[in-house]
Amino acid sequence: MTSSRPPIIALAVAACALLLLFVSGIGYRQELWSLQMAFAMIKWAAYLGIAAALLALIGAAVTRPIGRATLLFGVAFVIAAGTAYWPWRWKQVASSVPPIHDVTTDTQDPPPFVAILPLRANARNSAVYGGDSIAALQRVGYPDLGPVTIAEPAGAAFTRALTAARAMGWEVVAVDSSDGRIEATATTRWFGFKDDVVVRVRDVENGSRVDVRSVSRVGGSDVGTNAARIRAFLAQLQR
């Protein structure tokens with residue numbers, strides 16, 4: 001074995017791990033394989049990343065490289081460690097948030113979907129709110145989420161909410177100003193998951209109250225995505 005082979009092998013394994021991680025979501029989005037297959041690919045990408053990082057460290061320790069070989073070992077380790085880190089990070093996030101996929105600022109009277117219901121006809125997750133059990137998990141996991149009151153009449157607040165929804169990049173499906181309801185679909189960038197959002201604007205004593213609900217079509221847990229989306233929308237709304 002020549003001295004140039006160990007760093008090249010480590011780099012090749014690291015590149016395979018990164019490629020596997022990248023195509024897992026892209027392939028699912030293009031309907032080339034199932035969600036279970038995509039998750040399995042992510043797991044194996046992490047394993048390959050760990051293996052490549054060990055190859056780079058052990059190879060550098062054994063061969064004591066100089067020049068180009070040192071650079072190759074370094075690049076291999078960075079790619080491998082980064083590839084292994086992301087699945088680990090996602091797992092940590094998943095374990096730190098409640099295992100729910102329906103999040104709302106009003107757990108007592110969640111905004112209902114109307115126009116989006118036909119689009120969810122084949123969705124694995126129901127659009128019917130899960131009730132007290134889901135609300136209890138949300139209160140523990142996302143105690144900060146709640147409605148926003150805007151010191152404006154409902155009409156002005158509704159216009160502001162619609163502008164914020166479009167600024168979020170959502171696909172607006174329905175706009176009903178008389179009912180104070182906006183329905184939209186948000187698509188995640190990597191896997192292309194479809195999550196549906198409904199915004200409700202109501203008159204209250206000090207202005208208008210805005211509630212939001214975000215629900216995933218697939219997956220038992222959203223890994224915090226819906227809560228993060230609601231926070232981002234409310235921040236956009238109040239700018």
Side-chain angles (χ1 to χ4, degrees), residues 24-25 28-29 35 38-39 42 86-87 89-148 160-175 180-202 209-239:
S24 61
Y28 171 77
R29 185 168 188 163
L35 184 59
F39 285 160
I42 291 174
W86 283 111
R89 176 59 182 164
W90 292 327
K91 186 175 181 180
Q92 296 302 306
V93 172
S95 63
S96 68
V97 298
I100 59 178
H101 54 262
D102 190 341
V103 181
T104 177
T105 57
D106 188 346
T107 58
Q108 299 302 311
D109 181 21
F113 291 102
V114 179
I116 274 179
L117 290 179
L119 301 179
R120 295 183 62 94
N122 298 319
R124 298 181 188 177
N125 296 333
S126 172
V128 177
Y129 190 67
D132 292 341
S133 60
I134 300 299
L137 289 172
Q138 179 180 313
R139 284 193 293 269
V140 173
Y142 311 122
D144 61 305
L145 287 185
V148 165
R160 180 187 289 197
L162 181 58
T163 300
R166 287 171 172 157
M168 292 287 293
W170 301 342
E171 178 187 353
V172 176
V173 175
V175 178
R181 175 172 43 83
I182 301 166
E183 296 181 68
T185 297
T187 303
T188 62
R189 293 181 180 177
W190 184 20
F191 271 81
F193 291 133
K194 299 287 186 180
D195 300 337
D196 296 309
V197 186
V198 54
V199 180
R200 182 178 63 199
V201 181
R202 288 176 168 175
R209 167 173 164 157
V210 180
D211 282 293
V212 192
R213 182 182 173 200
S214 184
V215 187
S216 303
R217 294 187 188 180
V218 298
S221 172
D222 62 11
V223 197
T225 300
N226 287 304
R229 179 179 296 117
I230 290 175
R231 291 191 191 101
F233 171 78
L234 294 178
Q236 179 72 32
L237 179 70
Q238 296 175 87
R239 283 197 185 113

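No side-chain donor-acceptor contact under 3.5 Å links H101 to the backbone of S216. No donor-acceptor pair under 3.5 Å is formed between the side chain of T187 and the backbone N or O of F193. The backbone N or O of A232 sits nowhere less than 3.5 Å from a side-chain atom of Q236 that would complete a donor-acceptor pair.
Between R231 and D144, the closest side-chain pair of non-hydrogen atoms falls below 4.5 Å. At least one side-chain heavy atom of V212 sits under 4.5 Å from a side-chain heavy atom of V197. In this structure the side chain of W90 reaches within 4.5 angstrom of the side chain of I42, judged on heavy atoms. Put simply, the side chain of V97 reaches to within 4.5 Å of the side chain of Y142, judged on heavy atoms. Between N125 and R120, the closest side-chain pair of non-hydrogen atoms falls below 4.5 Å. Contact annotation: the side chain of E183 never approaches that of D196 to less than 4.5 Å [non-hydrogen atoms, C-beta and beyond]. Within the 4.5 Å cutoff, no side-chain heavy atoms of R229 are placed close to those of V103. Counting only heavy atoms from C-beta outward, the side chains of R160 and V210 never approach each other to under 4.5 Å.
Across all non-hydrogen atoms, the minimal contact from F113 to A127 is CD1-CB, 4.2 Å. Nearest heavy atom pair, residue S221 against residue P98, reads OG-O, 4.0 Å. R209 and D106 get closest at one heavy-atom pair: NH2-OD2, 3.1 Å. Taking each heavy atom of D102 and R213 in turn, the nearest pair found is OD2-NH2, 2.7 Å. A pairwise comparison of heavy atoms in A227 and L145 identifies CB-CD1, 4.0 Å as the closest pair. Of all the heavy atoms in A184 and W170, the pair that sits closest is CB-CB, 3.8 Å.
Checked against a 6.0 Å centroid threshold, the rings of W86 and W190 do not count as neighbours.
In this structure D222 satisfies the salt bridge (charged side-chain N to carboxylate O under 4.0 Å, His left out) test with no other residue, sequence neighbours excluded.
The OG1 atom of T188 sits 9.0 Å away from atom NZ of K194, with the distance rounded to the nearest 0.5 Å. Distance CG/L162 to CD1/I182: 4.5 Å, rounded to 0.5 Å. The CZ atom of R200 sits 5.0 Å away from the CG atom of D211 when rounded to the nearest 0.5 Å. Rounding to the nearest 0.5 Å gives a distance of 11.0 Å between CG of D132 and CG of L137.
Of the listed residues (P111, P112, P110), just one forms a side-chain contact (heavy atoms from CB on, under 4.5 Å) with V198, and that residue is P111.
D109 CG: more than 12 foreign heavy atoms inside a 6.0 Å radius.
In this structure, Y28 and F191 have tilted ring planes: the angle between them lies in the 30° to 60° band.
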Could you walk me through whether Q138 and T104 satisfy the side chain to side chain contact (heavy atoms under 4.5 Å, CB included) test, starting with their C-alpha distance in whole Å, then the side-chain angles of each, then the deciding distance to 0.1 Å, before giving a yes or no? CA-CA 9 Å; Q138 179 180 313; T104 177; 4.2 Å; yes
